[in-house]
Amino acid sequence: MKVTVKRKDNAIPVAIHTEFIKLQDALKYANAAETGGMAKAVIQDGEVKVNGEVCTMRGKKLYPGDTFSFMGAIYRICEYGA
């Protein structure tokens with residue numbers, strides 16, 4: 001008998017159509033930041049974590065499976081249609 005265990009994940013899915021998405025764009029796409037300027041500011045101020053670590057690179061590439069968190073919410077990048 002084969003048993004599959006799935007970890008319960010409370011992350012908000014962010015489906016992308018491309019191979020990757022830049023962190024600044026992901027914040028806007030997920031509606032976590034209202035504007036690009038706001039996304040830039042919160043990233044540079046160290047308020048965003050990528051895969052559990054503070055990231056200050058606006059152009060950081062996020063691939064399916066990566067997570068980012070901002071203001072207590074966790075977002076997971078996933079492939080569109082998956």
**Student:** Give the minimum heavy-atom separation between Pro64 and Glu79, together with the two atoms involved.
**Tutor:**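 Answer, listing the atom of Pro64 first, then Glu79: CG-CG, 3.5 Å.
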**Student:** Find the distance between NZ (Lys49) and CG (Leu23) and round it off to the nearest 0.5 Å.
**Tutor:**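 Those atoms lie 14.0 Å apart.
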**Student:** Does Tyr75 reach the side chain of Thr67, with side-chain heavy atoms less than 4.5 Å apart?
**Tutor:**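 The answer is no, as the side chains (C-beta and beyond) never meet within the 4.5 Å cut-off.
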**Student:** Starting from the C-alpha separation in whole Å, work towards a yes-or-no answer on side chain to side chain contact (heavy atoms under 4.5 Å, CB included) for Ile74 and Ser69.
**Tutor:** CA-CA 4 Å; Ile74 301 171; Ser69 58; 4.1 Å; yes
**Student:** Sequence neighbours excluded, which residues qualify as salt bridge (Lys or Arg N to Asp or Glu O under 4.0 Å) partners of Asp66?
**Tutor:**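 Salt bridge (Lys or Arg N to Asp or Glu O under 4.0 Å) check on Asp66 returns nothing, list empty.
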**Student:** To the nearest 0.5 Å, what is the distance between NZ on Lys61 and CD1 on Ile21?
**Tutor:**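 That separation rounds to 13.0 Å.
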**Student:** Indicate, with yes or no, if Tyr80 and Phe20 share a hydrophobic cluster defined by side-chain heavy-atom contacts under 4.5 Å among Ile, Leu, Val, Met, Phe, Trp and Tyr.
**Tutor:**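 Phe20 and Tyr80: separate clusters.
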**Student:** Counting only heavy atoms not in Lys22, do more than 12 sit closer than 6.0 Å to its NZ atom?
**Tutor:**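 Counting neighbours around NZ of Lys22, 12 or fewer heavy atoms of other residues, nucleotides or ligands fall under 6.0 Å, so no.
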**Student:** State, yes or no, whether a side-chain contact exists between Val48 and Val54 at a heavy-atom distance under 4.5 Å.
**Tutor:**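 No, every pair of side-chain atoms sits at 4.5 Å or beyond.
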**Student:** Side-chain contact, heavy-atom cut-off 4.5 Å: Glu19 with Tyr63?
**Tutor:**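 Side chain of Glu19 against side chain of Tyr63, heavy atoms only: contact under 4.5 Å found.
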**Student:** Examine distances only and state if a side-chain atom of Arg76 and a backbone atom of Gly65 form a donor-acceptor pair shorter than 3.5 Å.
**Tutor:**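 Side chain of Arg76 to backbone of Gly65, a donor-acceptor pair under 3.5 Å: yes, one is there.
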**Student:** Measuring from atom NZ of Lys60 to atom CD1 of Ile43, what distance do you get when rounded to the nearest 0.5 angstrom?
**Tutor:**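 Here the rounded value is 12.0 Å.
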**Student:** Taking side-chain contact (heavy atoms from CB on, under 4.5 Å) as the test, write out the residues that go with Ala41, two or more places apart.
**Tutor:**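 Counting only residues at least two positions away or on another chain, Ala41 forms no side-chain contact (heavy atoms from CB on, under 4.5 Å).
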**Student:** Using the rule that two of Ile, Leu, Val, Met, Phe, Trp, Tyr join whenever any of their side-chain heavy atoms come within less than 4.5 Å, decide whether Met71 and Ile12 are in one cluster.
**Tutor:**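 Yes, one cluster joins them.
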**Student:** Rounded to the nearest 0.5 Å, how far apart are OH of Tyr29 and CG of Leu62?
**Tutor:**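 With rounding to 0.5 Å, OH (Tyr29) is 13.5 Å from CG (Leu62).
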